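Everything quoted here is computed from the prediction, not taken from an experiment. In what follows, chains are A, B, ... by sequence order, proteins preceding strands, each numbered from 1.
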There are 2 protein chains.
Amino acid sequence: MDKIIETVMEKYPKKSFEYAVVAVDVVLFTVVRNKLHALLLELDREEFPNMWALPGGLVAPNEKLEQAAERHLRERANATNAHIEQLATFGDPDRDPTGWVVSVAYMGLIAPHSFSPKTSTRYKSIEWYPVDELPSLAYDHQEIIKTAVERLQGKLSYTNIIYSLVPEEFTLSELQNSYEIILEKELDKRNFRKKFLSLDLLEELPKKASGGAHRPAVLYRFTEKTPQIISIL
Amino acid sequence: MDKIIETVMEKYPKKSFEYAVVAVDVVLFTVVRNKLHALLLELDREEFPNMWALPGGLVAPNEKLEQAAERHLRERANATNAHIEQLATFGDPDRDPTGWVVSVAYMGLIAPHSFSPKTSTRYKSIEWYPVDELPSLAYDHQEIIKTAVERLQGKLSYTNIIYSLVPEEFTLSELQNSYEIILEKELDKRNFRKKFLSLDLLEELPKKASGGAHRPAVLYRFTEKTPQIISIL
DNA sequence: CCAAAAGTGTTCAGTATACACCCATGG
DNA sequence: CCATGGGTGTATACTGAACACTTTTGG
């Protein structure tokens with residue numbers, strides 16, 4: 001698989017083609033340090049000095065788009081088991097100065113600390129960036145991230161996908177906190193708990209969270225981790 | 001522009017490529033005869049005997065994806081002024097037997113009778129088909145239509161896009177009828193009128209609809225035809 | 001005993017739903 | 001005068017929003 005990609009890379013021309021190069025880019029989100037973060041790679045190319053980009057790359061022939069997105073997340077960032085879904089496709093002729101590259105963007109969601117990003121070749125570094133403090137971004141990746149944030153905010157309100165952004169076990173306060181950070185608004189604690197527990201998506205665990213100088217919180221777990229349409233907030 | 005496309009068509013190989021061919025396909029919807037219809041073209045190719053396909057075709061280099069979608073609607077079906085938005089991208093390696101074609105699908109909405117489809121070369125005929133009585137479809141166009149119908153149903157409920165599916169002037173009953181057909185459920189007349197009029201999207205016209213053996217209905221018009229997020233039903 | 005987060009119910013307002021009859025017209 | 005679709009109001013249930021104090025723990 002990688003051999004094919006390298007072959008394509010060598011042939012990658014500098015100008016427009018009659019055929020397009022098809023790429024995938026993934027906006028991988030997680031919530032840490034009270035901010036929504038996206039995973040970014042620092043480019044090591046002269047055309048883009050000190051610029052960052054989304055994890056992604058070419059799609060191989062005989063490869064499905066979603067598989068390509070998963071593969072690049074794995075190869076570039078060592079991330080597996082993220083929930084990913086297609087976001088939108090960006091194909092403006094001038095979006096990549098090196099030629100006609102049509103990029104199918106994906107949104108990925110992953111629980112914090114569930115993998116350790118490691119730099120791959122061709123990149124200087126890999127970093128989680130808060131989406132409101134992004135560095136200088138290559139291509140149209142700024143626009144892609146903006147689209148992804150809006151999609152995430154929208155889907156939080158009518159689906160259960162939050163399950164892929166929190167750890168296996170979590171407290172209701174942590175869950176509420178994730179919503180507040182992503183939706184950028186405060187929620188009422190009593191209303192949130194009442195509503196969320198009534199949805200029957202969670203099971204209470206026998207143990208409790210400890211660790212602070214305060215009353216221990218009950219730990220919960222999602223009973224089902226498959227996407228569902230439900231009115232949440 | 002067309003010359004470039006023909007050039008690409010001639011080179012269109014029979015097997016996989018390292019570069020993909022990028023195409024657009026449009027699911028153009030309208031509501032007529034109490035059914036949701038999609039526009040289809042009858043193929044004239046040996047590989048697909050008696051099969052139908054969505055209007056669409058290749059994207060030219062230096063062309064934006066959405067422009068390509070509009071152009072193909074125009075060239076293949078003589079349709080202009082449809083509201084179109086990107087739906088999803090379909091890129092499975094085996095979705096097109098002739099090679100690796102990545103298709104960016106669009107959803108289009110157009111008022112009934114607002115254009116006259118005319119057959120272009122390379123197609124035997126062009127026809128509106130009810131989405132629940134589709135003919136045999138080429139490629140993965142069945143799946144694309146299914147995705148489009150679901151998207152349309154979803155967006156009707158939280159946006160004002162119905163404006164692009166009804167004529168310039170319409171009665172509230174016609175509007176309600178469009179909702180009922182697409183959402184596949186009956187709505188209460190009094191509640192529908194109360195709700196819709198309270199949204200302040202419509203203006204009443206001085207004239208009335210005539211034509212039946214019954215009381216003439218007030219005609220309305222959308223005051224604004226730009227997409228908005230609003231809770232409708 | 002103090003600080004910190006966990007946990008818990010009720011009231012109110014606004015919105016969604018259910019429901020039935022008279023009106024204006026053409027034929 | 002009759003068939004057809006147009007047009008109207010009220011009562012009830014439900015849901016979202018606002019709001020403050022007690023509990024449990026660690027230090």
Heavy-atom nearest pair, A:His72 first then A:Gly57, reads NE2-C, 3.2 Å

Next item on the list: Determine which pairs satisfy ring-ring contact (aromatic ring centres under 6.0 Å, His included) with at least one residue from residues 202-227 of chain B, sequence neighbours left out, and list them in order.
Entry: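 Pairs touching residues 202-227 of chain B that pass the test: B:Phe170-B:Phe222.
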
Its 5'-most and 3'-most nucleotides having an atom under 4.0 Å from a non-hydrogen atom of chain B, DNA chain C is contacted over C:dA16 to C:dG26

| Does B:Tyr129 have any ring pair (Phe, Tyr, Trp, His ring centres under 6.0 Å) partners at least two apart in sequence or in another chain, and if so, which? |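 Partners of B:Tyr129 by the ring pair (Phe, Tyr, Trp, His ring centres under 6.0 Å) criterion, ordered by chain and then number, come out as B:Trp52.
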
So, A:Glu85 and A:Lys155, do they make that salt bridge, N to O below 4.0 Å? yes

(request) Taking only Lys NZ, Arg NE, NH1 and NH2, and the carboxylate oxygens of Asp or Glu, determine whether B:Lys64 and B:Glu70 approach each other closer than 4.0 Å. (result) no

So, B:Thr223 and B:Glu203: side-chain donor and acceptor under 3.5 Å apart, yes or no?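 No, because no side-chain N or O of B:Thr223 sits under 3.5 Å from a partner of the opposite role on B:Glu203.
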
Are a donor atom and an acceptor atom from the side chains of B:Arg215 and B:Ser210 found within less than 3.5 Å of each other?
->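 Judged by distance alone, the side chains do not pair up.
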
Check your understanding: Side chain of A:Lys225, backbone of A:Ser164: donor and acceptor closer than 3.5 Å?
Key ->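 No.
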
Practice task
Step through it carefully: locate the ring centre of B:Tyr158, locate the ring centre of A:Tyr158, and say whether they are under 6.0 Å apart.
Solution key: no

Note: contacts of residues 201-213 of chain B with DNA chain C (heavy atom, under 4.0 Å) are B:Gly212, B:Ala213

Query - Residues from residues 170-195 of chain B lying under 4.0 Å of DNA chain C - heavy atoms - result: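 Listed by number, they are B:Asp188, B:Arg190, B:Asn191, B:Lys194, B:Lys195.
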
So, using side chain to side chain contact (heavy atoms under 4.5 Å, CB included) as the criterion, who are the partners of B:Asp140 when residues are at least two apart?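 B:Asp140: side chain to side chain contact (heavy atoms under 4.5 Å, CB included) contacts with B:Phe90, B:Arg95, B:Glu143, B:Ile144.
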
When rounded to whole Å, the NE2 to P distance for the pair B:His214 and D:dT4 reads 11 Å

